Amino acid sequence: MAKLTKRLPMLPAERALKVISGRWKAVILYHLFDGPRRLSALKAVVPDITQKVLIQQLREMEEHGLVSREIFAEVPSRVEYSATLLGLSLEPILLALCQWGQHHADELNEMDRLADCIIRPRQARHTHASPN
């Protein structure tokens with residue numbers, strides 16, 4: 001982890017932004033908040049992303065401890081991605097960013113150009129989250 005830590009900024013806010021930056025990371029995490037998903041399932045719910053970029057974003061999030069990857073010893077092999085506890089802790093932050101984005105668009109009279117906010121608070125959270 002020493003190599004990883006050297007690449008991340010020392011300022012906490014800058015570090016946080018670096019870890020969650022990327023056009024698709026918030027969207028991917030949103031879909032992983034509900035539970036593990038296979039690559040093909042993620043691609044299906046985020047159709048505008050290319051498979052190459054999806055894999056790249058998942059690898060970055062895995063490297064930063066937000067996502068875990070589990071490989072099942074089956075033929076053919078099956079891989080599932082899930083949000084770690086650290087990744088799940090971003091849910092209220094992503095909700096706040098979404099709400100601020102809506103506020104920003106409203107202040108600039110651009111609500112008609114805004115897509116629906118996909119981050120919504122979850123009422124029924126699993127109490128036995130995986131410690132990945």
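What you see is a predicted model; the values in this text were computed from it and never measured.
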(message) On a heavy-atom basis, which atom in Ala44 and which in Pro47 lie closest, and how many Å separate them?
(response) O-CD, 3.8 Å
(request) In sequence, state the C-alpha distance, the side-chain angles, and the governing distance for Ile28 and Val67, and then conclude on side-chain contact (heavy atoms from CB on, under 4.5 Å). (result) CA-CA 10 Å; Ile28 295 166; Val67 169; 5.6 Å; no
(request) Indicate the ring-plane relationship of Trp100 and His104, choosing parallel, tilted or perpendicular according to the 30° and 60° boundaries. (result) parallel
(message) Rounded to the nearest 0.5 Å, what separates atom OG1 in Thr50 from atom NZ in Lys43?
(response) 7.0 Å
(message) For a quick test of reading the model, state the closest non-hydrogen atom pair linking Pro9 to Arg15 and the distance between them.
(response) O-CB, 3.6 Å
(request) Rounded to the nearest 0.5 Å, what's the gap from CG on Leu95 to SG on Cys98? Could you check? (result) 6.5 Å
(request) May I ask you to test the Leu42-Leu32 pair for a side-chain heavy-atom distance under 4.5 Å? (result) yes
(request) Using the rule that two of Ile, Leu, Val, Met, Phe, Trp, Tyr join whenever any of their side-chain heavy atoms come within less than 4.5 Å, decide whether Leu8 and Leu17 are in one cluster. (result) no
(request) Measure the shortest side-chain to side-chain distance between Val79 and Glu70 over non-hydrogen atoms and say whether it is less than 4.5 angstrom. (result) no
(message) Looking at every heavy atom in both Gly65 and Leu86, which two are closest together, and how far apart are they?
(response) O-CB, 3.6 Å
(message) I'd like to know if the side chain of Lys25 reaches the main chain of Gln57, judged simply by a donor and an acceptor atom lying under 3.5 Å from each other, with no hydrogens or angles considered.
(response) no
(message) Can you confirm whether Leu54 sits close enough to Val46 that some side-chain heavy atom of one is under 4.5 Å from a side-chain heavy atom of the other?
(response) no
(request) Taking atom CZ of Arg78 as the centre, report whether more than 12 heavy atoms of other residues, nucleotides or ligands fall under 6.0 Å from it. (result) yes
(message) Side chains of Leu97 and Ile20, heavy atoms from C-beta outward: is any pair under 4.5 Å?
(response) yes
(message) Contact between Val53 and Arg23 at the side-chain level, heavy atoms closer than 4.5 Å - yes or no?
(response) no
(message) Rounded at 0.5 Å granularity, tell me how far CD1 in Ile93 sits from CG in Leu90.
(response) 5.0 Å
(request) Please check if atom NZ in Lys18 has more than 12 non-hydrogen atoms from other residues, nucleotides or ligands closer than 6.0 Å. (result) no
(message) Using only atom types and a distance under 3.5 Å, with no angle test, would you say the side chain of His103 pairs donor to acceptor with the backbone of Gln99?
(response) no
(message) Hydrogens and angles aside, do Ser68 and Thr84 bring a side-chain donor and acceptor to less than 3.5 Å of each other?
(response) no
(request) Measure the shortest side-chain to side-chain distance between Val45 and Arg37 over non-hydrogen atoms and say whether it is less than 4.5 angstrom. (result) yes
(request) Heavy atoms only: give me the nearest Ala83-Leu29 pair and the separation to one decimal. (result) CB-CD2, 4.3 Å
(message) Just verifying a value: how many Å separate Glu60 CD and Trp24 CH2, rounded to the nearest 0.5 Å?
(response) 14.5 Å
(message) Does any part of the side chain of Phe33, heavy atoms only, come nearer than 4.5 Å to the side chain of Leu94, both counted from C-beta?
(response) yes
(message) Quick check: closest heavy atoms across Glu80 and Pro36, and the distance to 0.1 Å?
(response) OE1-CB, 3.5 Å
(request) Determine whether Arg69 and Leu58 make a side-chain contact, defined as any pair of heavy atoms from C-beta on separated by less than 4.5 Å. (result) no
(message) Please evaluate residues Glu62 and Arg59 with respect to the criterion salt bridge (charged side-chain N to carboxylate O under 4.0 Å, His left out), reporting the C-alpha separation (whole Å), side-chain torsions for both, the decisive distance (0.1 Å), and the verdict.
(response) CA-CA 5 Å; Glu62 185 179 9; Arg59 284 184 181 153; over 6 Å; no
(request) Enter the distance from Met61:CE to Gln56:CD here, rounded to the nearest 0.5 Å. (result) 11.0 Å
